[in-house]
Amino acid sequence: MAEEHNSSTTRDERYDPQRIEQKWSARWLSDPQLYAAEPHSTKPKYYVLEMLPYPSGALHMGHVRNYAIGDALARYMWMNGYNVLHPMGWDSFGLPAENAAIKNNTPPRQWTLQNIAAMKAQMKRLGFAYDWSREVTTCLPDYYRWNQWFFLKLFEQNMAYRKKSKVNWCPKCCTVLANEQVVGGNCWRHEDTPVEQRELEQWFLRITEYSDELLRDLEKLPGWPEKVKIMQQNWIGRSEGTLVDFDLGGTVGPAGSTITVFTTRVDTIYGASSIQLAPEHPIVSDLTSRNPELRAQVDEMIAEQRRAKEAGDIGNIEKHGVFTGRLAKNPYNGEAVPVWVANYILMDYGTGAIMSVPAHDERDFEFATKYKLPIRLVILPESTDPEETMTAPPLPFTAENGILVNSGEFSGLSCADAIAQMSARAAEKGFGKATVTFRLKDWGISRQRYWGTPIPMVYCEKDGVVPVAEKDLPVILPDKVMVTLAGGSPLASVPEFLNTTCPKCGGPARRETDTMDTFVDSSWYFYRYADAQNDQAPFDSNTIAYWFGTEGIDQYIGGVEHAILHLIYSRFWTKFMRDMGMVKNDEPVARLFTQGMVIKDGAKMSKSLGNTVSPDEMVARYGADATRMYTLFAAPPDRDLDWQDTGIEGIQRFLSRVYRLYTRDPVQANAAAAETAENLHILEKHGSDLARMAIAAPETAAKAAERKIQRKLHQTIKRVTVDFKGRWHFNTCIAAIMELVNDLYGAEQAIAKGLVPATLIAEVQRSIALLLAPMAPYLAHELWEMTGETSNLLKAPWPKYDPALAAEDEIEIPVQVNGKLRGLVVVPAGASNEQIEQAVHADAKVTAALAGKQVVKVIVVPKKLVNIVVK
RNA sequence: GCGAAAGUGGCGGAAUUGGCAGACGCACCAGACUUAGGAUCUGGCGGGUAAAACCGUGGGGGUUCGAGUCCCCCCUUUCGCACCA
């Protein structure tokens with residue numbers, strides 16, 4: 001103890017992040033208004049948002065990186081005079097809380113709130129500048145009651161409906177998953193657990209109502225990564241095609257029954273040689289009703305498809321099928337074609353029935369070859385040369401531009417024209433029509449779990465399915481629940497919850513016991529931030545209009561893993577709210593940034609690989625500033641970051657060097673400079689121009705030293721500003737500051753000798769504090785104070801550079817001969833081309849390289865380079 | 001199979017529009033100061049050479065006075081999609 005006190009004189013000399021960070025942390029925490037957004041302001045607004053975490057118990061490096069980027073941006077915008085909204089919250093419903101409850105016998109609520117407290121403390125220790133007065137915790141009734149409120153609105157608008165259907169079931173989660181939550185046939189949370197198919201009664205939201213708009217409006221999002229937009233586009237999967245009815249001739253099932261096929265290539269229909277049905281197609285049961293052997297084969301196909309789907313390699317199964325013995329009539333040419341059932345036809349796309357055109361589709365070709373079905377060519381390649389006779393292409397010929405042949409009256413048309421005319425014909429004759437199908441399906445939100453928002457519906461024997469009255473919200477999630485993973489919704493075992501009265505008739509009724517998908521919570525949480533305390537409505541529309549404007553959140557930052565799930569649901573929710581008149585913006589997010597992963601030893605950090613790095617440990621060892629700054633320095637933010645333990649030490653070394661620039665004792669520095677004269681001569685021997693000058697002409701030397709530092713300062717401000725604002729290349733911002741610091745150390749002798757005015761030194765010190773403020777806020781604040789500043793650095797104006805001061809007096813021009821570097825000439829910055837050429841010809845190295853050669857051409861690129869072409 | 005991104009020293013990465021390839025950092029080497037150094041400072045650091053020449057941005061072609069950067073072909077890695085009719 002005593003020793004620590006004794007060392008106090010030297011303690012201040014050393015960069016001690018723990019001491020500095022504790023000091024500032026205490027100050028920041030004592031002012032809850034510090035990072036508060038202003039409700040009204042004359043300043044321009046800026047809403048910067050990072051994806052809220054799931055409160056798993058501890059932040060990982062991926063979080064730190066994500067939040068370090070957002071925090072740097074928020075702080076930068078504050079310094080640029082914006083009214084910044086920078087909130088944080090907790091995506092706190094979900095399965096891990098239930099698993100933890102089972103494992104540790106801790107109630108989910110308690111477990112979750114403990115985790116939130118722990119992670120919030122971590123965030124505060126890291127110094128992230130959040131407006132905690134707007135904190136959103138999705139598992140608390142004051143938030144989830146609005147989920148329920150929205151559900152009622154959706155129900156009113158017929159946008160929420162109940163349907164029995166085949167759904168994805170994760171046996172580990174013991175609940176249903178949305179299509180978006182199935183990754184390669186497996187559960188998104190359990191990547192090695194195949195999803196099963198179950199038939200269940202479920203609540204769905206009609207996201208497909210917005211299929212077209214969700215696709216079209218991607219064009220309104222120039223601030224989104226192309227990659228994310230393409231992923232969404234693929235997910236929505238819009239496909240234009242034609243429905244065509246093939247008549248079964250009344251031989252099957254109800255008289256006059258038909259099979260409707262969906263095709264994108266109706267132009268090839270004269271080449272159709274069979275109909276292929278999905279094994280689960282409803283008409284198959286009619287077709288197989290008097291043929292048990294056929295039925296058995298179909299059942300085996302269904303089982304096979306299910307197995308393949310669960311194994312995630314549907315698409316690789318070998319194609320096979322079985323002829324049903326029936327024929328169907330092609331309405332275009334009257335031809336009767338055989339009806340087959342095939343294992344490669346999927347019931348959940350299109351109509352579950354296709355026409356098979358082997359000549360112009362690879363899959364059909366493979367199938368037809370196997371079963372020796374006719375392969376009839378009906379499209380020929382479009383010839384570029386009109387003289388050339390059209391020749392038969394190799395099969396299958398799947399190009400989409402060609403000319404129809406063997407297609408009756410449509411022969412001779414181009415494929416595009418034929419599709420239009422043939423679709424029109426179908427509509428006219430009543431056997432089909434042009435149509436659009438989507439891969440996107442309605443969003444199933446029922447979950448057979450406890451820890452989620454109760455769906456506010458009741459079931460009454462008399463009145464059926466009845467919504468809970470708005471005034472009775474929230475439907476509170478009961479605390480006392482035995483959570484188990486044994487099938488069925490845990491809430492069904494809580495009589496106090498389950499048994500209620502019907503809002504309509506007052507008679508006995510049962511509550512819905514399923515809870516909502518947690519992606520409901522995250523679909524609109526960022527609106528709640530803008531008006532988090534509102535207990536009358538989810539939010540006030542005028543407040544939203546202020547923070548969202550017409551384009552949405554100014555900058556959203558998060559991982560690309562949410563490219564489809566969260567981001568498509570959020571877009572849907574915004575469009576629904578807009579149609580309800582609640583918001584004016586069409587899209588929730590104007591600009592999206594997806595940062596790269598944090599990896600180590602070439603792999604994503606994971607407990608199973610044992611390559612995790614604990615933020616707490618890093619903060620304890622190197623401080624929050626170094627930890628944050630390293631995540632910004634090690635790679636540009638959009639790329640994966642390869643964590644290196646020695647890398648963060650380099651950052652800490654840099655911060656120490658910066659700190660020392662402010663603490664260097666002038667007396668000691670002067671003592672060090674006592675040997676200046678001698679040092680100058682040593683430096684001169686090392687080739688220091690400044691040293692040479694200081695001996696020969698002290699006045700000129702002083703000017704030169706001053707100018708050199710001043711120029712570097714302004715160049716640095718410029719580089720940091722441009723890279724920060726324009727490109728988000730924090731790594732090069734930091735590199736630029738490092739260069740400035742290196743130069744200052746290089747000028748140590750000059751400074752010690754008093755060649756550099758104290759005012760300039762002070763300006764440099766203030767500027768470095770300002771430039772570091774977004775990235776290393778603790779140290780920056782300390783340095784700011786050390787320069788004698790008393791204003792709050794958080795909102796101090798970002799430094800400006802003077803282009804005139806940043807400009808070089810002299811520039812070095814590389815000289816090439818035939819494109820190879822042969823010399824370097826130094827000319828005044830404003831030198832004309834003639835002057836440059838003169839200097840070039842005066843250069844010994846260049847003239848040597850030119851000796852005996854004939855100059856063909858001299859290229860002078862102003863201020864850049866000279867290239868002399870010789871023979 | 002389709003689509004996208006990437007490939008630069010021992011490593012992470014610079015090079016904004018075609019103009020000195022390798023900024024900055026790590027690691028490493030040498031030196032200084034030290035009782036000591038896992039502190040700090042100075043210098044070196046793509047290959048090659050005694051020094052040059054020369055060779056170098058995944059490979060091969062091309063455009064250009066000049067290519068990491070633009071064009072064509074190919075290879076590798078990562079990610080996304082995948083019987084989507």
Side-chain angles (χ1 to χ4, degrees), chain A residues 14 183-184 225-228 230-231 233-235 237-239 241 261-265 268 276 278 305 308 312-319 342-346 348-357 361-364 366-367 437-439 560-561 563-564 596-597 599 602 630 633-636 638-651 653-654 656-657 660 682-683 686 719 722-723 726-727 729 731-739 741-742 745-746 748 812-824 856-859 861-870:
Chain A
R14 228 182 63 239
V183 180
E226 223 32 58
K227 177 191 167 85
V228 172
I230 288 168
M231 283 166 76
Q233 195 177 314
N234 291 339
W235 185 261
R238 184 180 197 274
S239 168
V261 305
F262 172 74
T263 177
T264 54
R265 293 296 305 273
T268 65
Q276 304 289 342
Q305 278 194 342
D313 63 8
I314 197 150
N316 296 327
I317 55 176
E318 174 155 0
K319 291 180 187 43
N343 68 338
Y344 71 100
I345 309 302
L346 308 172
D348 53 14
Y349 186 79
T351 59
I354 66 150
M355 61 177 198
S356 173
V357 185
D361 182 283
E362 270 176 46
R363 296 151 302 178
D364 297 345
E366 188 187 333
F367 192 87
T437 62
F438 291 91
R439 206 181 84 118
V560 75
E561 64 273 17
I564 295 184
M597 284 187 304
I599 58 175
Y630 178 64
F633 179 68
D638 54 327
R639 278 210 237 168
D640 285 352
L641 185 159
D642 188 41
W643 186 276
Q644 291 181 355
D645 289 328
T646 50
I648 190 171
E649 288 174 22
I651 288 292
R653 203 170 300 152
F654 165 65
S656 306
R657 275 164 68 79
R660 223 150 16 89
I682 293 167
L683 281 171
H686 278 285
R719 275 180 65 189
V722 168
D723 282 2
R727 313 198 299 162
H729 277 206
N731 54 335
T732 55
C733 291
I734 296 166
I737 302 171
M738 285 172 166
E739 280 188 43
V741 170
N742 289 346
Y745 276 90
E748 213 164 20
E812 282 186 334
I813 304 260
V815 183
Q816 298 180 337
V817 175
N818 281 351
K820 300 205 166 166
L821 187 68
R822 284 293 180 263
L824 263 176
V856 178
K857 197 173 172 187
V858 178
I859 292 144
V861 185
K863 299 185 183 207
K864 290 275 186 190
L865 164 145
V866 174
N867 190 11
I868 302 167
V869 186
V870 298

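Numbered from 1 within each chain, the chains take letters A, B, ... in sequence-line order.
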Whole-Å [atom1] distance, [N] and [M]:
| N | M | atom1 | value |
| --- | --- | --- | --- |
| U35(B) | C28(B) | C1' | 27 Å |
| U17(B) | G12(B) | P | 23 Å |
| G56(B) | C73(B) | C1' | 23 Å |
| U57(B) | A51(B) | P | 23 Å |
| U34(B) | U42(B) | C1' | 16 Å |
| G22(B) | A36(B) | C1' | 37 Å |
| C81(B) | C72(B) | C1' | 27 Å |
| G60(B) | C11(B) | C1' | 29 Å |

Closest non-hydrogen atom pair, Pro814(A) against Glu812(A): CD-O, 3.6 Å

Report the nucleotide, chosen from [options], that has the shortest atom-to-atom distance to any side-chain atom of [X].
| X | options | result |
| --- | --- | --- |
| Ala634(A) | G12(B), C83(B), C41(B) | G12(B) |
| Tyr349(A) | G19(B), C55(B), C84(B) | C84(B) |
| Asp723(A) | C20(B), A4(B), U16(B) | U16(B) |
| Leu346(A) | G13(B), C83(B), C65(B) | C83(B) |
| Tyr745(A) | C55(B), U42(B), A85(B) | U42(B) |
| Arg439(A) | G19(B), C84(B), C54(B) | C84(B) |
| Asn867(A) | G19(B), C83(B), C79(B) | G19(B) |

For [X], report the nucleic acid contact type (base, sugar-phosphate, nothing); a contact means any heavy atom under 4.0 Å.
| X | answer |
| --- | --- |
| Val722(A) | base |
| Arg822(A) | sugar-phosphate |
| Ile317(A) | base |

If you compare every side-chain N and O of [X] against the phosphate oxygens of [N] (OP1, OP2), does one of them come in below 4.0 Å?
| X | N | value |
| --- | --- | --- |
| Lys319(A) | A85(B) | no |
| Arg639(A) | A14(B) | yes |
| Arg363(A) | C84(B) | yes |
| Arg727(A) | A15(B) | yes |

Anti versus syn assignment for G22(B), with syn defined as within 90° of 0: anti

Nucleotides 22-31 of chain B: protein proximity per nucleotide (B base, S sugar-phosphate only, - neither; heavy atom, under 4.0 Å): -BBSSS----

Between [X] (side chain) and [Y] (backbone), is there a donor-acceptor pair under 3.5 Å?
| X | Y | value |
| --- | --- | --- |
| Asn343(A) | Glu318(A) | yes |
| Asp723(A) | His729(A) | no |
| Asn731(A) | Ala634(A) | no |

Parallel, tilted or perpendicular: ring planes of Phe367(A) versus Tyr344(A), cut at 30 and 60 degrees: tilted

Duplex segments of RNA chain B, taken as runs of at least three Watson-Crick or G-U pairs that stay under 3.5 Å: B:1-7 with B:75-81, B:10-12 with B:24-26, B:28-32 with B:40-44, B:58-62 with B:70-74

Audit row: Asp364(A), Met355(A), side-chain contact (heavy atoms from CB on, under 4.5 Å) steps and yes/no: CA-CA 9 Å; Asp364(A) 297 345; Met355(A) 61 177 198; over 6 Å; no

